[in-house]
Structures are given as structure tokens and as C-alpha cells.
Amino acid sequence: MENKRSSFTGKIGFVLAAAGSAVGLGNIWRFPYLAAKYGGGIFLLVYIVLAVTFGFALMCAEIAIGRKTGKSAISAFGDLCKRYKFIGVLASVVPMLILPYYCVIGGWVCKYSAVFLSGGMNDAATADFFGNFLEKTGEPIGWFFLFLGVTAVVVLFGVEKGIERVSKFMMPILIALTIGIAVYTMTLPGAMDGVVYYIKPDFSKFSVNTVLGAMGQLFYSTSLAMGIMITYGSYMKKEVSIESSVKQIELFDTGVAFLAGLMVIPAVYTLAPDSLGKSGPGLMFETLPMVFNNIGQVGGTVIGSLFFVMVMFAALTSSISLMETVVSIFRDRLGWSRKFTCIFVFGLCVAIGLPSCLGYNVWSGVTLAGNTILDMFDTLTNSILMPIVALLTCLFVGYVIKPGTLSDEIEISGKFKRKKLFEVIIKYIAPVCIVLILISSVLGILGIITI
């Protein structure tokens with residue numbers, strides 16, 4: 001049995017791993033859709049303001065909880081106050097449910113990467129290609145196993161030799177590809193109209209829905225309320241500044257989200273304007289292949305290949321953090337070795353992930369309000385459990401252990417410059433905002449409103 005807790009070698013390793021967790025599919029397929037839906041520039045402005053206030057406070061809190069206790073979410077809350085260990089249990093359920101279906105989607109990204117790299121762009125751009133792929137039984141499962149297997153191998157090597165090393169390799173490449181594709185997109189004929197729409201705030205389009213949409217995206221985009229930042233915080237050395245690290249993680253995450261919009265919105269705005277309302281799989285696997293095909297055979301194949309490789313890297317960094325969180329939960333609770341726990345979690349992911357694959361073919365009749373099995377998992381975790389966990393975390397920090405407990409932890413490595421902002425947001429602002437997110441999510445699920 002391994003008793004010594006792993007740790008990142010230093011600040012760079014921690015920041016790149018945490019940023020890799022935050023930078024995922026939520027940045028690339030959800031952020032551009034929401035930006036297009038809520039007026040482009042005004043949504044971007046609201047998101048940035050929320051990221052440096054609301055997101056900053058929540059991320060500081062989670063990382064500080066992890067570093068102070070040296071434990072994953074399932075044990076950290078109980079370690080700080082035994083009566084509230086149920087929050088840790090609830091937080092631990094989130095990554096266990098997200099990881100399997102996330103790896104299913106990661107498998108789809110691998111499939112499209114292979115198709116574009118092998119010169120099959122014209123096939124991928126046909127209207128029924130994605131649907132036909134999902135309706136097959138064996139192929140989606142095969143890609144799911146491949147993506148899950150790669151994730152498990154990285155986690156098996158541990159924090160320093162696995163997660164940190166892979167993050168240091170993949171994150172710079174991901175950033176470079178994102179910048180390169182965004183620059184190319186802006187050179188397309190007519191693309192600057194889309195750039196202006198995306199960047200220039202139009203305050204006449206500001207609404208409550210804009211704020212709620214941006215706050216909801218902040219959860220998906222920054223790995224909050226999933227136990228991930230608590231787990232990564234538990235691997236953080238005491239001399240590394242939490243405040244400075246959070247700023248850099250947010251810079252990475254917001255930067256990639258911004259560049260994702262710059263990649264997608266001008267191209268879709270110019271080449272497929274009727275598709276601006278599409279989100280999720282529809283945008284990623286149906287609209288964008290058509291956009292790349294419209295660029296031309298050579299240019300479209302190159303840009304499309306680079307795009308899907310970039311998305312695959314983003315998906316991998318996030319799936320690695322999700323699996324590491326789940327592995328850490330079981331190891332903390334049961335004392336298992338890393339190797340045995342990785343094998344167990346792999347099997348657990350297969351058991352939960354297979355229904356998501358089969359929900360598009362042999363189990364396509366299993367639906368809830370028209371939602372597939374994968375959509376059910378997504379709605380349960382992102383729209384219900386994550387806001388509840390975030391709300392409970394804020395109340396726990398604000399009124400049970402008090403913000404000063406975590407401020408003291410943050411100040412171990414230096415002065416906490418935004419201490420007052422942190423305490424005000426955690427106690428007063430964040431709980432109200434999260435309740436509004438939860439209410440809007442429930443009303444959206446019931447079909448009463450559309451967010």
C-alpha cells in the first residue's frame with residue numbers, strides 16, 4: 001500500500017495540470033455557442049468579470065481546502081468538520097458520473113481526429129455522418145475504450161510522472177494550436193464581421209440570462225464543484241502561492257475559451273451563419289466539419305485535423321483530472337494502491353459509460369423527456385449536482401469553518417491580496433448567484449424557461 005501522498009514538483013506543474021483540467025470540451029463547444037447566443041461581446045465581457053471575481057473566490061476556496069487537509073473531497077470536508085462530511089460524499093459523486101460519459105465524447109473526438117488525419121473530411125462533412133457513426137454499436141464503444149485507456153495509463157503513472165509530465169507536454173501544444181487556428185480563421189473572407197460581433201460588447205443585448213449563462217459556463221469551464229481542484233490542491237506544496245496560481249489558471253482557461261470563440265464564431269458566422277444557434281455535439285461534429293469543408297480540400301483538411309487534435313488534447317487533460325480525482329477518492333477512503341484503484345476505476349467507467357454509448361443505438365428507446373442516457377447524466381451532474389455542491393461549499397466555508405480558516409491557509413505562501421473580495425463573495429454573493437443558477441437550471445429542465 002502507498003502511504004505517502006503524491007505532490008506536484010512546483011508551481012508550473014500545478015498550474016499546467018489544473019489549467020489542463022479547466023481547459024476542456026466546455027471551453028471549445030459550449031463557450032462559443034453561448035457567446036453567439038447571448039450577443040457575442042457582451043457575453044464575453046460578463047464572463048471575464050465573473051471569472052476574476054466569482055470564479056476566483058470559488059477556486060481559491062477549493063484549492064485551499066485540498067491543501068489544508070491534504071485529502072480529496074470525500075475526506076476533506078469531514079476533516080474540517082465531521083458533521084459536514086456529506087458535502088464531500090456528494091462532491092465525489094459528480095466526477096464519478098461525469099468521467100464515463102466524458103470519455104464517450106472523448107472517443108467521438110478521437111474518431112473525428114482519425115477521419116480528418118486520414119483525409120476523410122468530405123465524408124465527415126456530410127449531414128448524416130455523425131448520426132450514422134453513433135448508430136453503430138461496436139465503433140463508438142471501441143473509441144470510448146481507446147480514450148478511456150489512454151486516460152487510465154496517464155493516471156496510473158501518478159501525479160509527477162503521469163499527470164504533470166503529460167500536462168507540461170500537451171498544454172503548450174494545445175495553446176499553440178488554438179492560437180494558430182484562431183489566426184487562420186480571422187483571415188477567411190468576411191470573417192472580421194464575425195470577430196467584431198464576438199469582441200465588441202453590445203449593451204442592448206445584456207440581460208439576466210446573459211449573466212446566468214455566463215455563471216453556468218464558469219462551472220463547466222473551470223472544473224469547480226467536481227472535487228477536482230480540492231484533489232489537485234491536496235497535491236500542492238505549501239510554499240506555492242494559491243492566489244497567484246489561481247490567477248494563472250484563470251488566465252489559461254479564459255484565454256482558451258476566448259480563442260475557442262475566435263476559432264469558431266467568425267468561421268461559422270461567415271460560412272454557416274444559420275448554424276450559430278447549434279451547441280454541443282451539433283456544433284462540434286456536424287457544423288464545424290461542414291465549415292472546414294467549405295474552406296477547401298487542402299486548407300480544410302489541415303485546419304480540421306489540427307482542430308480535432310487540439311480538441312482531443314483538451315478532452316484528455318480534463319479526463320485525466322477527472323479520473324485522478326476519482327482514483328484519489330477511493331485511495332483516500334479505502335487505502336488501495338494506485339495500480340489497483342486505476343484498474344477498479346477503469347472497470348467502473350466501463351460499466352457506467354457503456355449505457356451512454358448504447359443510448360444512441362440498441363438502447364435508443366431509453367429516454368427521459370426526449371433526452372438520451374448521456375444527456376441524462378449530463379443534466380444530472382451539470383445542472384443539478386454541481387450547483388448544489390458549489391452552494392454547500394460556499395455555506396460551509398462562509399458560515400461553518402469561516403473564510404478566515406482558508407485565508408490563513410492561502411497566506412502561508414504570502415500575502416492574500418484579494419482576501420476581502422474572497423470573503424465577501426464566498427459569504428454573500430456566490431450563494432445568491434448559485435441559487436439563481438440552480439433555479440434557472442431546474443426551470444430549464446422542466447421546459448418553463450430556456451437558458
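Source: prediction; values computed, not measured.
For the residue pair E423 / Y428, no side-chain donor-acceptor distance below 3.5 Å is found, with atom types taken as modelled. One side chain, D202 or S204, offers a donor N or O that lies under 3.5 Å from an acceptor on the other. Side chains of K11 and S244: a donor on one and an acceptor on the other come within 3.5 Å. In this model, a donor atom of one side chain and an acceptor atom of the other lie less than 3.5 Å apart for S321 and S21.
Under the 3.5 Å distance criterion, the side-chain polar atoms of S328 are left unmatched by any main-chain donor or acceptor of E324. Of the possible donor and acceptor atoms, none in the side chain of S383 sits under 3.5 Å from a partner among the backbone N and O of L380. In this structure, Y232 contributes its side chain and F14 its backbone to no donor-acceptor pair below 3.5 Å. For the pair N132 (side chain) and D128 (backbone), a donor-acceptor distance under 3.5 Å is present. Side-chain atoms of R67 do not come within 3.5 Å of backbone N or O of I242 as any donor-acceptor pair. Side-chain N or O atoms of T317 include one that pairs as donor or acceptor with a backbone N or O of G20 at under 3.5 Å. A donor-acceptor pair under 3.5 Å links the side-chain atoms of Y112 to the main chain of F285, judged by distance alone. At distances below 3.5 Å, at least one donor-acceptor pair connects side-chain atoms of N361 with backbone N or O atoms of K136. A donor-acceptor distance shorter than 3.5 angstrom exists from the side chain of T254 to the backbone of E250, with no hydrogens or angles considered. Judged purely by atom type and a 3.5 angstrom limit, S318 has no side-chain atom pairing as donor or acceptor with the backbone of A315.
Between K417 and E243 there is no salt bridge, since none of the side-chain N atoms of the basic residue sits less than 4.0 Å from a carboxylate O of the acidic one. Contact check on K168 versus E164 returns a salt bridge, with a Lys/Arg side-chain nitrogen under 4.0 Å from an Asp/Glu carboxylate oxygen.
For the atom pair F258 CZ and N27 CG, the distance stands at 13.5 Å (nearest 0.5 Å). Separation of atoms OG1 (T325) and CD1 (I320) is listed at 11.5 Å; rounding is to 0.5 Å.
In summary, of the residues considered (F147, F130, Y101), a ring-ring contact (aromatic ring centres under 6.0 Å, His included) with W108 occurs for F130 alone.
Between F116 and F308, the angle of the ring planes lies from 30° to 60°, which puts this pair in the tilted group. Note on ring orientation: taking the six-membered ring where Trp is involved, the planes of Y38 and F43 are parallel (angle under 30°, cut-offs 30° and 60°).
Across Y102 and A314, no two heavy atoms sit closer than the pair OH-O, 4.2 Å.
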